[in-house]
Amino acid sequence: MTTALTDIIKAEIRANGPMSVSRYMTLCMTHPEYGYYTQKNPLGTQGDFITAPEISQLFGEMIGLWFADIWMQMGAPQHVSLIECGPGRGTLMVDFLRGTQHVKGFYDALHIKFVEVNEALIQEQKRKIKHPHVSWINTLEEGFESDVPTFIIGNEFLDALPFKQFQRTESGWAERVIGLDDAGAFSWGLVPVAEPPFFPAGVSSGAVFEHAPLREEIVRQADMQLQASGGASIFIDYGFISGHGDTFQAVKEHKHVDVLSSCGEADLTSHVDFKALCDVVQLQSHLSTQGQFLQHLGIELRAQQLSQNATSRQKEELKKALKRLCDKDEMGDLFKVMALVHAENVTLNPAGF
Ligand SMILES: C[S@@+](CC[C@H](N)C(=O)[O-])C[C@H]1O[C@@H](n2cnc3c(N)ncnc32)[C@H](O)[C@@H]1O
C-alpha cells in the first residue's frame with residue numbers, strides 16, 4: 001500500500017541514500033503530518049492493537065497500588081510528580097486513581113504529567129482525567145522537579161521508540177538500511193560499520209542485533225532523577241532479558257504486515273532489550289515477567305473481589321482478562337516489568353518482584 005508518507009520517505013532516500021531503521025521508524029511514527037502516532041488513534045478493538053490497560057481495569061489498579069505502597073513506605077510525601085509516558089487513552093491512569101482512592105492523602109499528593117505526542121489522545125486524556133493537578137509535557141525530563149519525589153510509568157511506550165538494526169556478516173558488522181531497488185521499491189541493504197562495544201561477541205554470520213539508544217536514554221533519565229529526588233519508575237513492554245534477533249514488526253488492524261508496507265498506517269515496534277536497559281542504570285533494577293508481577297501483587301484476589309458483585313457475563317470477562325494478562329502463553333511471559341526504586345525507608349525488594 002503506497003501512502004503519502006511512502007513518497008516522502010522514498011524522496012529522502014533518493015536525496016540522501018539508504019536510510020537507517022531508526023530514521024525510517026521516526027518518520028513512520030512521528031512525521032508531523034503523516035506519522036502514525038501524530039495522526040492516528042491506534043488503540044482498542046477498533047484500532048490496530050489492544051494493550052493491557054484496555055483489556056481490564058485490573059491492570060491499572062495493580063500499578064496504582066504498587067506506587068501507593070512505595071509512597072506510604074516513603075512516609076507519604078505531600079507532593080510527588082507522577083509522570084506517565086505515552087498514556088494512550090488515559091485508561092491506566094483512570095484505573096490507577098480509582099484503585100488507590102482509599103489510600104488517604106495519595107490522590108492529593110499527585111501532580112500528574114502526561115508525555116504524549118498524539119493530539120487526539122491528549123483530548124481523550126483531558127476528558128477522562130479530572131485531577132486538579134494534571135498537565136501535558138513533551139519530554140520526560142520536562143516533568144522533573146528538583147527535590148520532588150518522582151513516579152514514572154511507561155506501558156508499551158519504549159517499544160514505540162526508534163531503534164537501529166545491525167547484522168553480522170562474514171566480514172564484520174553492518175547496519176541494516178532501507179534503500180530502493182531498480183524499480184523504485186523499498187529494499188534492504190547493509191552498510192559496514194566499525195565494531196562498537198555493545199555488539200554481542202561470538203555470534204554467527206547472519207545474526208541480527210538491535211540497539212535502541214533513545215530507549216536507553218529514557219531509562220537513564222529516570223534513573224538519574226530517582227537518584228536525585230527519590231521515587232520509583234516502572235516500564236512494562238514486550239521484550240527479552242537475554243538474547244538478540246530481528247524483532248522489527250508492523251501491526252495493522254490486529255494483524256502483522258510487512259514493516260516496509262503501509263508507512264504511517266501501521267504500528268512499528270521491536271521487542272525491548274531489558275538487559276540493555278538494566279546495563280545503563282546505576283540503581284538496582286528489578287525485573288519480572290508481567291504475569292508473575294501481577295500475581296505477586298494479588299491480581300487474582302482483586303479479580304475475586306470484583307466478581308462478587310458482577311453479572312455472570314462480567315465474571316466471564318474478568319476470568320478471560322486475568323488469563324490474557326497473566327498466562328504464560330498470552331501476555332504473561334512475553335511482557336516484562338522493569339522497576340527502579342530509590343527512596344529512604346523503602347524495602348530493597350519492592351512488591352511484585
Ligand atoms: C502503544 S501506545 C500505549 C498506550 C498506553 N500506555 C496503553 O498501554 O494503553 C504508545 C503511546 O505512546 C505515545 N507515543 C508514542 N511515541 C511517542 C513519543 N515519541 N513521545 C510521546 N508519546 C509517544 C502514543 O501516542 C501512545 O499514547
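Read the numbers this way: they start at 1 and go in the same order the structure lists the ligands and their atoms.
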task = Give the C-alpha distance, both sets of side-chain angles, the deciding distance and a yes or no for side-chain hydrogen bond (donor to acceptor under 3.5 Å, both in side chains) between Gln101 and Arg98.
result = CA-CA 5 Å; Gln101 65 189 328; Arg98 191 191 42 254; over 6 Å; no

task = Take Glu145 and Ser81 through the test side-chain hydrogen bond (donor to acceptor under 3.5 Å, both in side chains) and record every step on the way to the result.
result = CA-CA 8 Å; Glu145 292 174 70; Ser81 269; 3.1 Å; yes

inquiry  = Evaluate Gln221 against Gln225 for side-chain hydrogen bond (donor to acceptor under 3.5 Å, both in side chains), listing each step before the verdict.
reply    = CA-CA 6 Å; Gln221 287 172 5; Gln225 173 65 6; over 6 Å; no

Criterion side-chain hydrogen bond (donor to acceptor under 3.5 Å, both in side chains) on Thr51 and Glu156, from CA distance to verdict = CA-CA 8 Å; Thr51 57; Glu156 288 206 44; 5.3 Å; no

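Annotation: atom 19 (N) of ligand 1 to nearest protein heavy atom, Leu161 CD2, 3.9 Å. Nearest protein neighbour of atom 25 (O) of ligand 1, counting heavy atoms only, is Glu116 OE2, 2.5 Å. Among protein heavy atoms, atom 2 (S) of ligand 1 sits closest to Tyr37 OH, 3.5 Å. Given atom 4 (C) of ligand 1, the protein heavy atom at minimum distance is Gly86 O, 3.3 Å. If you check which protein heavy atom lies closest to atom 17 (C) of ligand 1, you get Val117 CG1, 3.7 Å.
Ion pairing between a basic and an acidic side chain is recognised when a charged N comes within 4.0 Å of a carboxylate O; Glu316 and Lys320 show no such pairing. Salt-bridge formation is detected for the pair Arg220/Glu217: a Lys NZ or Arg NE/NH1/NH2 atom is positioned less than 4.0 Å from an Asp or Glu carboxylate oxygen.
Atoms of ligand 1 lying under 4.0 Å from any heavy atom of Phe49, numbered from 1 in the order shown and given with element: 1 (C). Within ligand 1, the atoms closer than 4.0 Å to a non-hydrogen atom of Asn118 are 25 (O), numbered from 1 in the order shown. Of all atoms in ligand 1, listed by their number and element, those nearer than 4.0 Å to a heavy atom of Gly88 are 4 (C), 5 (C), 27 (O). Below 4.0 Å from some heavy atom of Glu156 lie the following atoms of ligand 1, by number and element: 1 (C), 2 (S), 3 (C), 10 (C). Close approach to Pro53 involves these atoms of ligand 1, each under 4.0 Å from a residue heavy atom: 7 (C), 8 (O), 9 (O). Numbered from 1 in the order shown, with element, the atoms of ligand 1 that lie under 4.0 Å from a heavy atom of Thr51 read 7 (C), 8 (O), 9 (O). Interface atoms of ligand 1 facing Phe157, defined by a heavy-atom separation under 4.0 Å, are 12 (O), 17 (C), 21 (C), 22 (N), 23 (C).
Using cut-offs of 30° and 60° for the angle between ring planes, the Phe106 and Phe151 rings count as tilted.
Neither the backbone nor the side chain of Asp159 has a heavy atom within less than 4.0 Å of ligand 1. At a heavy-atom cutoff of 4.0 Å, ligand 1 is contacted by both the backbone and the side chain of Asn155.
Residue contact annotation: Val115 has a non-hydrogen atom under 4.0 Å from ligand 1.
Separation of atoms OH (Tyr238) and CZ (Phe274) is listed at 11.0 Å; rounding is to 0.5 Å.
The one candidate from Leu140, Leu158, Val272 that meets the side chain to side chain contact (heavy atoms under 4.5 Å, CB included) condition with Val219 is Leu158.
A heavy-atom distance below 4.5 Å is not found between the side chains of His131 and Met93.
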